[in-house]
Amino acid sequence: MQNLGSFGELLDGNNFEVWDASKLQAYLDCEQLGHLKYEEHLTGKTPSEAIVFGSGMHKAVEVWTQRRQDGSLVEAKAVERAEAAFVEVWEAELPKEQRDMLELGLNRRSIANFKRLFGGYRKKFPLEMYDEIVSVEQSFTLPLGTTSECREIRWSGVIDRIVRWQGGLYYVDIKTSTYALDATFFDKWKLSTQMLGYMWAGQQLVGEQFSGVMVQGIQVQAPLKTKVKAADELVQGEVIAFTQDQIEAWKRNVLVKIDDIRLARQRGYWVKNLSTRCSSYGSCPMAMLCGAGDAAQAEFRKQQYYVEKVWNPFQKGMAVT
């Protein structure tokens, strides 16, 4: 494959752009955020503990599910392998001194607390609850459609799990959060471009319509703050249904938005969505650059706090269809 930049790829003689939910969301949040992350390829030097913890939890669930599903390991051995998979992600992504501080402080993001929450997750959602596990960690890069400028777009990602449950077919998505798993938490996924995109992709892969998305939330809280709750009480789930009309509307929205982003590149200016999003909890990782007083200060901050990391879904081993 010949690389044609952050947006274009050449495969089998065909030019197309590859997008995923995270890439699109960055531009939806703020054009400048998308530009800095996916055109200038900037990411913070300090790794996010929250993102790494969530990635490790996903990996653990993946390994546990696969080892139980293929019958290669009994439950205890599958859990042991899954916990080792979390540790592997944890140690690969976070510096030792950062990990040590989390463990010593009995932090909510520590190996010890992961094991506790993972145990609660397995109790709340045992594999035996499903009629069938159709697929686990299914990678995809699928043709989505063409923009008004006749640019072919392919949608990319990894579907956590596809399962049959109570007679229906569902996409299962695991979400870690420090917030309470209440109606407000689950409501934010009911019009989610990420969920709609996974629904669309799952239906393409399986060749059947889905009954909905099963969102499984894990509240990441330390034992001292939740001593009155068992670990499985910090795990909740909700099924969200989407209509085929909603999925088609999502598809059109994506293609139109990508046209808008191409116009931004042509004019060489990306609108900054200056709002509380810049500095609120979980603030924008690029706020430090946008808040620079002048070009010289921005360049200094870029060198001091950011590194270049080119986004390429094909490096994740995704099968191209």
Side-chain angles (χ1 to χ4, degrees), residues 20-26 28-29 47-65 82 85-86 89-90 93 107-110 113-127 129-130 133 135-139 156-163 165 170-202 210-222 225-226 229-242 250 277 280-283 285 316:
D20 72 355
S22 297
K23 182 176 177 180
L24 179 66
Q25 191 61 54
L28 289 172
D29 288 343
S48 166
E49 296 166 0
I51 291 176
V52 176
F53 191 90
S55 297
M57 181 68 75
H58 274 80
K59 189 64 179 178
V61 173
E62 172 194 351
V63 171
W64 169 64
T65 305
F86 173 90
V89 171
W90 197 235
E93 298 295 330
N107 192 278
R108 61 190 175 193
R109 298 189 185 103
S110 62
N113 202 43
F114 152 73
K115 290 182 178 180
R116 166 178 169 264
L117 294 173
F118 183 44
Y121 176 83
R122 299 194 313 275
K123 182 177 180 181
K124 190 79 171 188
F125 300 115
L127 297 182
M129 68 178 278
Y130 306 115
I133 298 174
S135 71
V136 182
E137 290 295 307
Q138 176 66 57
S139 303
S156 184
V158 181
I159 294 181
D160 289 353
R161 284 183 289 180
I162 297 174
V163 303
W165 177 69
Y170 295 87
Y171 157 60
V172 181
D173 198 309
I174 300 167
K175 296 295 182 186
T176 55
S177 173
T178 56
Y179 293 109
L181 304 178
D182 53 16
T184 300
F185 172 81
F186 288 105
D187 282 349
K188 68 182 180 180
W189 306 113
K190 291 182 178 178
L191 287 175
S192 164
T193 189
Q194 181 189 58
M195 298 303 175
L196 285 160
Y198 282 133
M199 279 276 288
W200 172 83
F210 278 39
S211 302
V213 174
M214 190 181 297
V215 179
Q216 298 177 339
I218 302 173
Q219 187 180 0
V220 182
Q221 292 294 339
K225 291 188 177 182
T226 56
K229 289 186 177 181
D232 59 301
E233 294 181 89
L234 298 173
V235 182
Q236 301 294 332
E238 184 167 317
V239 172
I240 300 172
F242 293 107
W250 162 83
R277 170 72 173 83
S280 60
Y281 178 79
S283 61
K316 303 174 186 176

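These figures come from a predicted structure and were not determined experimentally.
A pairwise comparison of heavy atoms in Ala222 and Asn107 identifies CB-C, 4.4 Å as the closest pair. In terms of heavy-atom proximity, Gln25 sits nearest to Thr193 at OE1-CG2, 3.4 Å. Here the closest non-hydrogen pair linking Ala85 and Val63 is CB-CG2, 3.7 Å. Between Ser177 and Phe185, the shortest heavy-atom contact is CB-CE1, 3.6 Å.
Leu127 is listed as a side-chain neighbour of Thr65, based on a closest heavy-atom distance under 4.5 Å. At a threshold of 4.5 Å between non-hydrogen side-chain atoms, the residues Val213 and Trp189 do not count as touching. Trp165 is listed as a side-chain neighbour of Val239, based on a closest heavy-atom distance under 4.5 Å. The closest side-chain heavy-atom distance from Arg161 to Ile174 is below 4.5 Å.
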Practice task
Show the numbers, then the answer: is there a side-chain contact (heavy atoms from CB on, under 4.5 Å) between Glu137 and Asp160?
Solution key: CA-CA 5 Å; Glu137 290 295 307; Asp160 289 353; 3.5 Å; yes

Practice task
Show the numbers, then the answer: is there a side-chain contact (heavy atoms from CB on, under 4.5 Å) between Met195 and Val215?
Solution key: CA-CA 9 Å; Met195 298 303 175; Val215 179; 4.0 Å; yes

Problem - Chi angles and distances behind the side-chain contact (heavy atoms from CB on, under 4.5 Å) call for Gln216, Val61 - result: CA-CA 12 Å; Gln216 298 177 339; Val61 173; over 6 Å; no

Practice task
Run the numbers on Val220 and Phe53 for side-chain contact (heavy atoms from CB on, under 4.5 Å), then give the verdict.
Solution key: CA-CA 9 Å; Val220 182; Phe53 191 90; 3.9 Å; yes

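Considering Trp64, Tyr121, Phe114 in turn, Phe114 is the only one that fulfils the ring pair (Phe, Tyr, Trp, His ring centres under 6.0 Å) rule with Phe86.
Within 6.0 Å of atom NZ in Lys124, more than 12 heavy atoms from other residues, nucleotides or ligands are found, so the atom counts as buried in its surroundings.
By the 4.0 Å N-to-carboxylate-O rule, Lys190 lies close enough to Asp187 to be salt-bridged with it.
With rounding to the nearest 0.5 angstrom, the CZ atom of Arg109 is 6.5 Å from the CD atom of Glu49.
Annotation: Tyr171 is not in aromatic contact with Phe210 [ring centroid separation under 6.0 Å not met].
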